[in-house]
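Okay, so here's the structure we're looking at.
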Amino acid sequence: MIPVNEPVIGEREIEYVMDCLRTGWISSAGTYIERFEREWAAYCGRRFGVAMCNGSVALQAAVAALKLKPGDEVIMPTFTIISCAFAIVYNGGVPVLVDSDPRTWCMDVDQIEDKITPQTRAIMPVHIYGHPVDMDPVMKLAQEHDLAVIEDAAEAHGAEYLTGRDTSHPTWKRCGSFGDMSCFSFYANKLITTGEGGMVLTDNPDIAERLRSLRNLSFQPQRRFYHEDLGFNFRLTNIQAAIGLAQLERIDQIIAHKRWMGQEYTKRLQDIKCLQLPVEKAWAKNVYWMYGIVLSREAGLDAFHLAEILFKKGIETRPFFLGMHRQPVFNYDMRPKESRFPISEVLGLQGLYLPSGLTLNMDHLGKICDIVHEVLI
Ligand SMILES: Cc1ncc(COP(=O)(O)O)c(C=O)c1O
């Protein structure tokens, strides 16, 4: 079976983890945490990093840092992981959904403005499967309407976006460097992993301070067991940070492998007429976190059927996200307010991703593409 993903753990990770074990720094204090926060923030072009124990709670802490009032609205894509919507709902907010762009599968930024109301407090763009959201229009709207931006860059480590392309100084910036806060996951299938883990980045020292407090039960530096706020235990361990730091040393290699994979899949699958493949916009550097494909109507089968066939032939796949507007858990909160999301509907039914891990080699990729051809042509 060719797995959909597999982490690669190197000697450096083992060396750093052994160092934690030998020195006894195994909990949520230690030099690896501080270094990982500092170096990940610097890599992404941010001032502060606050490590968290996974990407979902990184989002939850980021939304908590906004101090929403009950009923405040946050605009987000319907086509994403449920963590984004949970983070808003847990904080008393209301997710307001927008459909996807049909080519990048990220939120359609042209639909945001219509969703802004007096209750809107923030926009949460999510870079999907390694391709950046078109951030300039998001940032412009946020500025015009005084909204916060929480960027979810969990799937886009090292991806880049060309900002200011209608100015004389367009500049490439990494995903995770936009808005008030950006959130990451370091789950085992992410480009950089800590096993379980996450981080929130920000340039604002007050927000960084608040995030550190929220992460650690809202202890106060001056008077430890005196709490003025609700808090969480969202701490990452030094051992996990040690793994992340070792991974970060190899990030260029990891991104090069993902980009090779993305380009090679596209080269070999582009002749299949009933398939829509990932794109790379001129203003984007895609890191192909997962290589997604979307079947058109002419294919005569949906993604679940194709996944079954591929599984029987030794290829593991995963279905695309099912839109938030389709989630039974949100029946009462969101569904009545939302109409239809035609692009996300198609993605949820017709999309899946092929094996995209760092152990994927040319032989695997060739075999996968041959089998996809056999089934679809
Ligand atoms: C876009 C996005 N945000 C957040 C998360 C949540 O991260 P975690 O699994 O670390 O909680 C994921 C997980 O895959 C994700 O894809």
Side-chain angles (χ1 to χ4, degrees), residues 16 20 23-68 74 83-84 86-88 90-93 121-122 124 148-154 157 174-187 190 192-245 247-248:
Y16 287 178
C20 298
T23 56
W25 290 96
I26 57 170
S27 276
S28 56
T31 53
Y32 287 106
I33 301 241
E34 287 154 28
R35 277 179 63 196
F36 186 44
E37 289 180 335
R38 203 170 50 237
E39 294 187 23
W40 184 249
Y43 176 79
C44 296
R46 286 280 209 191
R47 288 182 65 195
F48 306 103
V50 183
M52 302 275 171
C53 55
N54 59 63
S56 302
V57 301
L59 286 162
Q60 200 183 324
V63 178
L66 295 180
K67 300 188 178 179
L68 298 184
V74 179
S83 314
C84 302
F86 280 169
I88 297 164
Y90 285 146
N91 282 291
R121 286 287 311 283
M124 184 188 283
V149 172
I150 297 177
E151 192 191 352
D152 183 346
H157 301 179
R174 291 219 164 100
C175 289
S177 62
F178 294 86
D180 301 81
M181 284 171 272
S182 46
C183 298
F184 291 89
S185 162
F186 302 115
Y187 183 67
K190 299 302 185 295
I192 292 281
T193 184
T194 58
E196 295 280 354
M199 203 179 294
V200 186
L201 303 184
T202 181
D203 292 320
N204 181 324
D206 298 331
I207 293 179
E209 204 41 56
R210 176 150 173 78
L211 289 166
R212 281 191 204 104
S213 174
L214 283 166
R215 166 180 72 180
N216 195 20
L217 301 173
S218 295
F219 284 128
Q220 298 202 11
Q222 309 80 359
R223 201 171 157 196
R224 187 169 175 81
F225 292 108
Y226 185 76
H227 304 265
E228 287 176 331
D229 265 320
L230 292 175
F232 311 94
N233 178 351
F234 284 168
R235 302 184 299 251
L236 188 78
T237 68
N238 202 42
I239 299 175
Q240 291 168 307
I243 298 172
L245 198 63
Q247 296 252 313
L248 179 52

**Study point:** Crowding at OH, Tyr43 (>12 non-hydrogen neighbours, <6.0 Å)
**Key:** yes
Give every residue pair that meets the salt bridge (Lys or Arg N to Asp or Glu O under 4.0 Å) criterion with at least one member in [range], sequence neighbours excluded.
range	answer
residues 224-235	Arg210-Asp229
residues 45-54	Arg46-Asp203
residues 32-41	Arg35-Glu39, Glu37-Arg215

For [X] against [Y], the heavy-atom pair lying closest together:
X	Y	result
Cys175	Phe184	O-CZ, 4.0 Å
Ser213	Phe219	OG-O, 4.0 Å
Leu236	Ala51	CD2-CB, 3.8 Å
Ala58	Met199	CB-O, 3.8 Å
Cys44	Ser177	O-CB, 3.1 Å
Asn233	Leu217	N-CD2, 3.8 Å

Straight-line distance of [X] [atom1] to [Y] [atom2], nearest 0.5 Å:
X	Y	atom1	atom2	result
Met52	Cys183	CE	SG	8.0 Å
Leu59	Asn54	CG	CG	9.0 Å
Leu211	Asn216	CG	CG	12.5 Å
His227	Gln220	NE2	CD	8.0 Å
Glu196	Thr237	CD	OG1	11.0 Å

**Study point:** Minimum side-chain heavy-atom gap Tyr16-Ile243 below 4.5 Å
**Key:** no
**Study point:** Non-hydrogen side-chain atoms of Asn204 and Asp180 separated by less than 4.5 Å
**Key:** no
Any donor-acceptor pair under 3.5 Å from [X] side chain to [Y] backbone:
X	Y	answer
Thr193	Tyr187	yes
Gln240	Gly197	no
Asp152	Ala154	yes
Asn238	Trp25	yes
Gln60	Phe86	no
His157	Lys190	no

Practice item. Apply side-chain contact (heavy atoms from CB on, under 4.5 Å) to the pair Leu201 and Trp40, showing each step before the final yes or no. Key: CA-CA 9 Å; Leu201 303 184; Trp40 184 249; 4.0 Å; yes
Review point. Given Ile239, which of Ile33, Ile26, Thr194 fulfils the side-chain contact (heavy atoms from CB on, under 4.5 Å) condition?
Key: Ile26
Check your understanding: Looking at Leu66, Val74, Val200, which hits side-chain contact (heavy atoms from CB on, under 4.5 Å) with Ile150?
Key -> Leu66
Practice item. Apply side-chain contact (heavy atoms from CB on, under 4.5 Å) to the pair Tyr32 and Cys20, showing each step before the final yes or no. Key: CA-CA 9 Å; Tyr32 287 106; Cys20 298; 3.6 Å; yes
Review point. Taking the six-membered ring for Trp, are Phe36 and Phe186 ring centroids under 6.0 Å apart?
Key: yes
